[in-house]
Chemist: 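What follows is a single structure, and I will ask about it in a moment.
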Amino acid sequence: MTYIDLSTLKVGDEIPPLSLKPISRTTLALFAGASGDHNPIHIDLDVAKSAGMDDVFCQGMLGMAYMSRLLTNMPRLRKSKPLVLNLPILRKFMHSSPVAGKLKKSKTPRTDNY
Amino acid sequence: MIDKRFIGMNIGSHEVQLEKGALKFFATAIGQENPVYFDEKAAEEAGYPGLPAPPSYYFSLDLLQDEPFKYLDTLGVNLNHVLHGAQDFEYFKPAFAGDTVVIKAKIIDLFDKKNGALDFIIKEVRVENTEGELLVKQIMTIIVRNPEGGA
């Protein structure tokens with residue numbers, strides 16, 4: 001197991017980019033089941049349309065789960081203080097690229113108290 | 001506009017036992033590639049007592065109850081008008097498959113913007129172990145679109 005010593009991390013260090021497969025309605029359905037977020041607006045086209053959306057759209061927490069993979073792909077961190085994650089959800093993505101969009105993230109999430 | 005008297009309202013608490021099957025399903029659904037989250041042997045080799053809960057799974061624990069959105073009814077909010085605006089996590093101690101955790105939720109703030117066209121609900125969710133130790137603290141920002149504008 002590889003560890004990163006937190007004292008060696010500094011602002012500006014890059015987290016390796018994460019490429020994701022296109023998001024399909026199947027992705028959203030599986031995440032609904034796995035995450036417990038059964039809000040039908042993400043999986044039922046009839047409900048999405050009745051709420052004024054053109055299509056179902058990505059659960060915010062799916063975007064966040066992908067963001068968290070940026071961290072879980074890294075070597076384990078040695079930490080003595082609580083880890084704080086503050087990740088704004090990508091609402092623009094949720095609505096502009098509901099399905100079959102491609103995500104590639106290399107932006108460093110804001111982290112405090114490492 | 002949501003009645004400000006709901007600030008401070010306890011939403012309730014419930015217990016969840018982390019199940020390894022559920023953790024593996026979550027890992028698969030998010031395309032997790034790090035085997036410690038779905039392979040018990042890899043978790044063991046990493047020195048974990050079981051499969052660890054992935055960072056954002058703690059949010060799902062709050063949903064693992066009979067009526068996770070019932071508090072929105074209490075606030076008079078239509079689920080179809082709700083957007084998840086932001087989610088903050090603060091991690092103190094990890095939880096693993098087999099652990100029982102207690103989830104406690106409350107409304108800690110309510111405010112509106114754009115003359116009431118948008119309501120904001122700030123909800124705190126604490127995940128504790130059965131000894132009452134805080135494992136993860138979450139702050140959820142919920143945005144409510146009010147198509148008819150301010151009340």
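Just so we're on the same page: letters track the sequence lines, and every chain starts at 1.
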Chemist: Can you check side chain to side chain contact (heavy atoms under 4.5 Å, CB included) on A:M64 and B:F59, steps first, answer last?
Modeler: CA-CA 10 Å; A:M64 183 161 262; B:F59 175 82; over 6 Å; no
Chemist: Could you pull out the closest heavy-atom pair between A:A34 and B:A29, with the gap in Å?
Modeler: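 Answer, listing the atom of A:A34 first, then B:A29: CB-CB, 3.7 Å.
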Chemist: Determine the minimum heavy-atom distance between B:S60 and A:S35, stating which atoms define it.
Modeler: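 Scanning both residues completely, I find the closest heavy atoms to be OG-O, 2.7 Å.
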Chemist: Please report the shortest heavy-atom distance between B:F69 and A:N39, naming the atom on each side.
Modeler: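 In this case the closest contact between B:F69 and A:N39 is CE1-N, 4.3 Å.
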Chemist: Should B:T28 and A:L30 be marked as a side chain to side chain contact (heavy atoms under 4.5 Å, CB included) after you check the CA-CA gap, both sets of side-chain angles, and the distance that decides it?
Modeler: CA-CA 9 Å; B:T28 307; A:L30 288 174; over 6 Å; no
Chemist: Are B:V102 and B:L64 grouped together when hydrophobic residues (ILVMFWY) are joined by side-chain heavy atoms under 4.5 angstrom apart?
Modeler: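 No, B:V102 does not connect to B:L64 through the hydrophobic network.
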Chemist: Is there a path from B:F38 to A:L70 through hydrophobic residues (I, L, V, M, F, W, Y) whose side chains come within less than 4.5 Å of each other?
Modeler: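 Each belongs to a different hydrophobic cluster.
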Chemist: Give the cluster check for B:L63 versus B:Y71: same hydrophobic cluster or not, with ILVMFWY residues linked at side-chain heavy-atom distances below 4.5 Å.
Modeler: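 Yes: a chain of side-chain contacts under 4.5 Å links B:L63 to B:Y71.
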Chemist: Do the side chains of B:I30 and B:F25 join up, straight or via other hydrophobic residues, at under 4.5 Å, putting them in one cluster?
Modeler: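 Result: no, two separate clusters.
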Chemist: Is there a path of hydrophobic side-chain contacts, each under 4.5 Å between heavy atoms of I/L/V/M/F/W/Y residues, joining B:I142 to B:L79?
Modeler: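 Same hydrophobic cluster.
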Chemist: For each of B:E33, B:Q65, B:Q32, tally heavy-atom pairs with chain A at distances under 4.5 Å, and name the one with the top tally.
Modeler: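 Of the candidates given, the most pairs with chain A belong to B:Q32.
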Chemist: Can a donor-acceptor pair be found, under 3.5 Å and without considering hydrogens, that links the side chain of B:N34 to the backbone of A:T72?
Modeler: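 Looks like yes, one N/O pair under 3.5 Å.
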Chemist: If you count heavy atoms of other groups shown closer than 6.0 angstrom to NZ of B:K104, is the number above 12?
Modeler: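 Incorrect, the count does not exceed 12.
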